[in-house]
Amino acid sequence: MIRVVGSRTRAAIIRNQRITGLAPDVIAELVAEIGPLWHERHQAVLTSRPRRRAVGAGAKYKLVFVDRLLATLVHLRHATTHDVLACWFGVDRSTITRAIGEVRPLLAERGCTVAPDIRLRTLAEVIDHLGASGQTGIIDGTEVRVRRPAVGRKDREKFISGKNKQNAVKSMVVTDAEGRLLFCSPAEPASCADITHARKLGLVELLADGPAVEILADAGYQGLGAQTGGRVVTPPHRKFKKNPPEWYEEMHERQRKAHSSRRIRVEHGIGHLKNWRSLARHHGRREHMSDTIQSVAGLLSHQQAATASGTRT
């Protein structure tokens, strides 16, 4: 098979941000950070099983690590199929599938980059960071459409979203007041309510026992404010359901708009996530959705941090 990607083509892919979604310096940092981890795990797998030949014998990989990373980035950014990537990189389809399956978990484990020296991997770290910096956090749930489970599969109905009436998975996104990504939770079936998902992630306990942090949320999280001592702020309730006085209607609308104007930043953060086609609609295995969501969130937050710090070239 003729190899399509050479040194010049690889350099052109790295320079063009439209292909990978990342700046060249960010890709260079990923190679320096993830490359040793991938090599270490690969060597551990080779030495952990009984062998007839020494480690390193046999055929060598045609797909170097940089190409494996680029293939994973293109797959996440444009939802490119493994067949197309295999033709592009001049290898077999199974090689691309294996490469993406090895690199994607490493990207997911990185967490979200807030600054070059600050990285958040858990919700507890996010709450501590918001408390230490005195910032306001914003939470919201987002759904990603997935393939319909097979007929007869157990718990098939759990993936049906009550809001969008489609098969999907749900993730909770946390941003700061500027809309920068701080955390993206593992995926849950879409039938799980937003407030239930937040409770499963331990948000109530973290806010009740942690630092004083203000968290803005939409009406789907109403009820958390009473459980967290008012630290979760949701839109105001309507006190008059029928025939409200004019003064109350005007006041309620003003309060609702004021809350919405502060909370809209999380929608911008989710919009940036959905620009990556793998999160617009996921065609792969549903078991991989958590790694996919967290990988994209980590990559996007790294790009945002690099842009904010002025290190982007």
Side-chain angles (χ1 to χ4, degrees), residues 3 5-7 10-11 13-14 19-77 80 82 85-86 88-126 181 183-187 276 278 284-285 287-303 305-306 311:
R3 187 172 182 79
V5 174
S7 299
R10 185 186 301 116
I13 295 173
I14 294 175
I19 299 178
T20 61
L22 302 175
D25 55 340
V26 175
I27 297 178
E29 293 175 3
L30 291 176
V31 173
E33 177 185 350
I34 300 178
L37 297 177
W38 175 84
H39 182 73
E40 181 181 347
R41 292 193 179 186
H42 175 63
Q43 293 299 319
V45 171
L46 292 179
T47 57
S48 64
R49 60 191 180 192
R51 302 179 58 88
R52 294 185 177 181
R53 296 182 294 182
V55 175
K60 301 300 185 291
Y61 276 142
K62 294 182 179 180
L63 203 63
V64 298
F65 174 74
V66 177
D67 291 344
R68 292 170 180 266
L69 177 62
L70 292 178
T72 305
L73 294 178
V74 174
H75 171 70
L76 293 174
R77 184 70 177 89
T80 310
H82 295 186
L85 291 173
W88 191 7
F89 286 90
V91 295
D92 191 76
R93 179 186 182 277
S94 61
T95 303
I96 294 294
T97 302
R98 188 183 306 111
I100 294 176
E102 293 173 352
V103 175
R104 184 174 50 203
L106 296 176
L107 294 175
E109 293 171 2
R110 297 176 64 251
C112 289
T113 304
V114 180
D117 57 341
I118 301 178
R119 187 168 292 173
L120 308 176
R121 294 180 174 86
T122 64
L123 187 59
E125 293 178 356
V126 173
L181 289 168
F183 177 74
C184 202
S185 72
W276 290 63
S278 58
R285 297 177 63 89
E287 294 82 359
H288 298 159
M289 272 307 303
S290 293
D291 284 347
T292 300
I293 293 175
Q294 293 177 324
S295 297
V296 174
L299 294 171
L300 187 56
S301 66
H302 195 157
Q303 179 69 42
T311 59

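These values consider heavy atoms only, across backbone and side chains, with no hydrogens, waters or symmetry-generated copies. Residue numbers start at 1 and run along the sequence shown.
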Rounded to the nearest 0.5 Å, the CE atom of Met289 sits from the CD atom of Gln294 at a distance of 10.0 Å
Heavy atoms of Leu300 and Trp276 approach each other most closely as CD1-NE1, 4.3 Å
So CD1 of Ile13 and CD1 of Ile27: to nearest 0.5 Å the spacing works out to 9.5 Å
Rounded to the nearest 0.5 Å, the CZ atom of Arg10 sits from the CZ atom of Phe89 at a distance of 8.5 Å
For the residue pair Phe65 and His39, establish whether any side-chain heavy-atom pair is separated by less than 4.5 Å. no
Shortest non-hydrogen pair, Leu106 vs Arg110, comes out as O-CG, 3.3 Å
Tell me which donor-acceptor pairs under 3.5 Å the side chains of residues 68-75 have, and how far apart each pair is, sequence neighbours excluded?
from: Arg68; atom 1: NE; to: Leu63; atom 2: O; distance (Å): 2.9
from: Thr72; atom 1: OG1; to: Arg68; atom 2: O; distance (Å): 2.9
from: His75; atom 1: ND1; to: Thr80; atom 2: O; distance (Å): 2.9

Q) Should Arg104 and Thr292 be marked as a side-chain contact (heavy atoms from CB on, under 4.5 Å) after you check the CA-CA gap, both sets of side-chain angles, and the distance that decides it? A) CA-CA 7 Å; Arg104 184 174 50 203; Thr292 300; 3.7 Å; yes
Any Leu30 side-chain heavy atom under 4.5 Å of Leu299 side chain: yes
Between Ala44 and Thr47 the two heavy atoms that sit nearest each other are O-OG1, 3.2 Å
Rounded to the nearest 0.5 angstrom, the CD-CH2 distance for Gln43 and Trp38 is 8.5 Å
All heavy atoms of Pro36 vs all of Val31, minimum pair found to be CD-O, 3.9 Å
Ser48 meets the side-chain hydrogen bond (donor to acceptor under 3.5 Å, both in side chains) criterion, sequence neighbours left out, with none
Scanning both residues in full, the closest heavy-atom pair of Ser301 with Gly111 reads OG-O, 4.3 Å
Notebook entry, point to check: What do you reckon, is CD of Glu40 surrounded by more than 12 foreign heavy atoms closer than 6.0 Å?
Noted result: no
Sequence neighbours excluded, the answer for side-chain hydrogen bond (donor to acceptor under 3.5 Å, both in side chains) partners of Glu109 is Arg41
Taken in chain and number order and not counting sequence neighbours, the residues that satisfy side-chain hydrogen bond (donor to acceptor under 3.5 Å, both in side chains) with Ser290 are none
**pair Thr20-Arg77: side-chain heavy atoms closer than 4.5 Å** = no
d(Leu107 CG, Ile34 CD1) to nearest 0.5 Å is 4.0 Å
Hits for side-chain hydrogen bond (donor to acceptor under 3.5 Å, both in side chains) against Arg121, two or more places apart or cross-chain, chain-then-number order -> none
So NE2 of His302 and CG of Leu181: to nearest 0.5 Å the spacing works out to 13.5 Å
Which atom pairs, donor and acceptor, lie under 3.5 Å between side-chain atoms of residues 112-119 and protein residues at least two apart or in another chain?
from: Thr113; atom 1: OG1; to: Arg119; atom 2: NE; distance (Å): 3.4
from: Arg119; atom 1: NH1; to: Glu33; atom 2: OE2; distance (Å): 2.5

(Q) Using the rule given for side-chain contact (heavy atoms from CB on, under 4.5 Å), can you reason through His288 versus Ile100, listing the C-alpha separation, both sets of side-chain angles and the distance that settles it, and then say yes or no? (A) CA-CA 11 Å; His288 298 159; Ile100 294 176; over 6 Å; no
Closest heavy-atom pair, Leu76 versus Ser295, reported as atoms and distance to 0.1 Å, is CD1-CB, 4.1 Å
